[in-house]
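Because the structure is a prediction, the values reported are computed rather than measured.
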Amino acid sequence: MRLCVVLRSYGGGNDKPRPPCFSKELVLASFVRAAHAARAAGVDLRVVYANDGPIPEARMRVMEATGQILTTTNGPVGLLGSYRFALDIPDLLRLGDDDVIAYFEDDYLMTADAFTVLADGASQLRAHGVEYFAVSGSRPDDLADPGQRRLHGVPRVWQPRPDLEASGRRWIHILSATSTFAARAGALRADRDIHELAMKPFRRRFLDHEMCLVYQGIRPYYGTELFFGLAGDFVPGLRGIARAAWLLPYRFQINARARKQTRPHYLYAVQPPVATHMEIGMMSAAHDWEAEAASVTEWAASHPETGPLGLGR
């Protein structure tokens, strides 16, 4: 099994609330550091940068020195276009079905052992039907709590599968992940139509939660949920009614595709997490990420390939 790690980068930014330590330079350095550690641990690793549009020179120099660069045509092409581009990478690189491809968005900070932990999990959890992996993620502590069911978008009949272990790390069955996830290339190819279906309703977002449910063979909607959605999804008012009506045919398609998923591809997340979304209010509390950022900065300052980023100087 080979692990292909992909940093999906965009040259611009957004207005999400960020912690003071955040920068895309820091994220890139943490990605390079994790690759160094994985190779030192004997992981068969391939490093790829999937860029949507121009990237600032300092970051580009680090990418050229540390991996293979793939760039969207006539980019930036936006969220959905760049996601489709990322989904094409297993075929572009001719990855084997047993190889694992891991996508990291450029606002996720990684621990030094993130890729090593991911490789161990992918190698050891295959026998349990685990085809998708998350480097961060959680699930409800109490399925009887309506607030937790609403927060996590829990479908009516869902029950978590048993926890698993790989190299001393606990992996838990979760409902869904963001665009930062990993998958066996064969499963990703088989599920490509699910990913495409999740992108159909909207131009600037996709139904990532429903997508993850469907490839796990979980039917999201029952009865009136086809119109109102999962708990907390419906917004009262004329716009909410119009949105629900617009989504109704797509929800029928989503349910139909879930029924066809006769071989579930389960999604598991490692505990504690080995990466976090660098957005205030979204960061995992299970790790000191400010200390991790300082550690990355110190590491980058002493390694010539990350020198152009100027961290720690």
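- We find that Arg61 and Glu305 are not joined by a salt bridge, their nearest charged nitrogen and carboxylate oxygen being 4.0 Å or further apart.
- Less than 6.0 angstrom separates the ring centroid of Phe115 from the ring centroid of Phe31.
- Glu292 has a carboxylate O that lies under 4.0 Å from a charged side-chain N of Arg33, or vice versa, which qualifies the two as a salt bridge.
- Smallest separation of non-hydrogen atoms from Ala122 and Met1: CB-SD, 3.7 Å.
- Atoms CG and CE, from Leu28 and Met63 in turn, are 5.0 Å apart once rounded to the nearest 0.5 Å.
- Salt bridge annotation for Asp99-Arg94: absent, with no cationic side-chain nitrogen under 4.0 angstrom from a carboxylate oxygen.
- Checked options Val296, Thr306, Thr297; the residue passing with Ser30 is Val296 (criterion: side-chain contact (heavy atoms from CB on, under 4.5 Å)).
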**Request:** Could you please spell out the steps behind the side-chain contact (heavy atoms from CB on, under 4.5 Å) verdict for Tyr250 and Glu210?
**Result:** CA-CA 11 Å; Tyr250 296 107; Glu210 290 86 343; over 6 Å; no
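- Here the closest heavy-atom approach between residue Arg189 and residue Pro90 is recorded as NH2-O, 3.2 Å.
- The stretch residues 131-148 participates, sequence neighbours left out, in these salt bridge (charged side-chain N to carboxylate O under 4.0 Å, His left out) pairs: Arg126-Glu131, Glu131-Arg184, Glu131-Arg263, Arg139-Asp163.
- Placement of Tyr49 and Leu87 in two distinct hydrophobic clusters is found when ILVMFWY residues are connected by side-chain heavy-atom separations under 4.5 Å, directly or transitively.
- For Gln68, the CD atom is densely surrounded, since the number of other residues' heavy atoms within 6.0 Å is greater than 12.
- A salt bridge is absent between Asp44 and Arg39: the closest approach of a Lys/Arg side-chain nitrogen to an acidic carboxylate oxygen does not fall below 4.0 angstrom.
- Smallest separation of non-hydrogen atoms from Ser136 and Tyr108: OG-CE2, 4.1 Å.
- Heavy-atom neighbours of Phe227 CZ from other residues, nucleotides or ligands within 6.0 Å: above the threshold of 12.
- Note: Phe133 and Phe181 fail the aromatic proximity criterion, with ring centroids not under 6.0 Å apart.
- Judged purely by atom type and a 3.5 angstrom limit, Ser9 has no side-chain atom pairing as donor or acceptor with the backbone of Asp106.
- Electrostatic pairing of Asp52 and Arg8 does not count as a salt bridge here, judged by no charged N lying under 4.0 Å from a carboxylate O.
- By the side-chain contact (heavy atoms from CB on, under 4.5 Å) test, Asp88 pairs with Leu92, Arg192, sequence neighbours left out.
- Placement of Val5 and Tyr103 in two distinct hydrophobic clusters is found when ILVMFWY residues are connected by side-chain heavy-atom separations under 4.5 Å, directly or transitively.
- Leu109 and Val27 make their closest contact through N-CG2, 4.5 Å (heavy atoms, listed as atom of the first residue, atom of the second, distance).
- Checking side-chain atoms of Arg2 against main-chain N and O of Asp98 turns up no donor-acceptor pair under 3.5 Å.
- In this view, Asp113 and Arg169 satisfy the salt bridge (charged side-chain N to carboxylate O under 4.0 Å, His left out) rule, not counting sequence neighbours.
- Residue Gln216 is tested with His173, His265, Arg161, Gln261 for a side chain to side chain donor-acceptor pair (under 3.5 Å); the sole match is His173.
- No continuous path of ILVMFWY side-chain contacts below 4.5 Å connects Val48 to Met110, so the two sit in separate hydrophobic clusters.
- Met278 approaches Phe22 most closely through the heavy-atom pair CB-CD1, 3.5 Å.
- At distances below 3.5 Å, at least one donor-acceptor pair connects side-chain atoms of Thr111 with backbone N or O atoms of Val274.
- Between His152 and His209, the distance from one ring center to the other does not fall under 6.0 angstrom.
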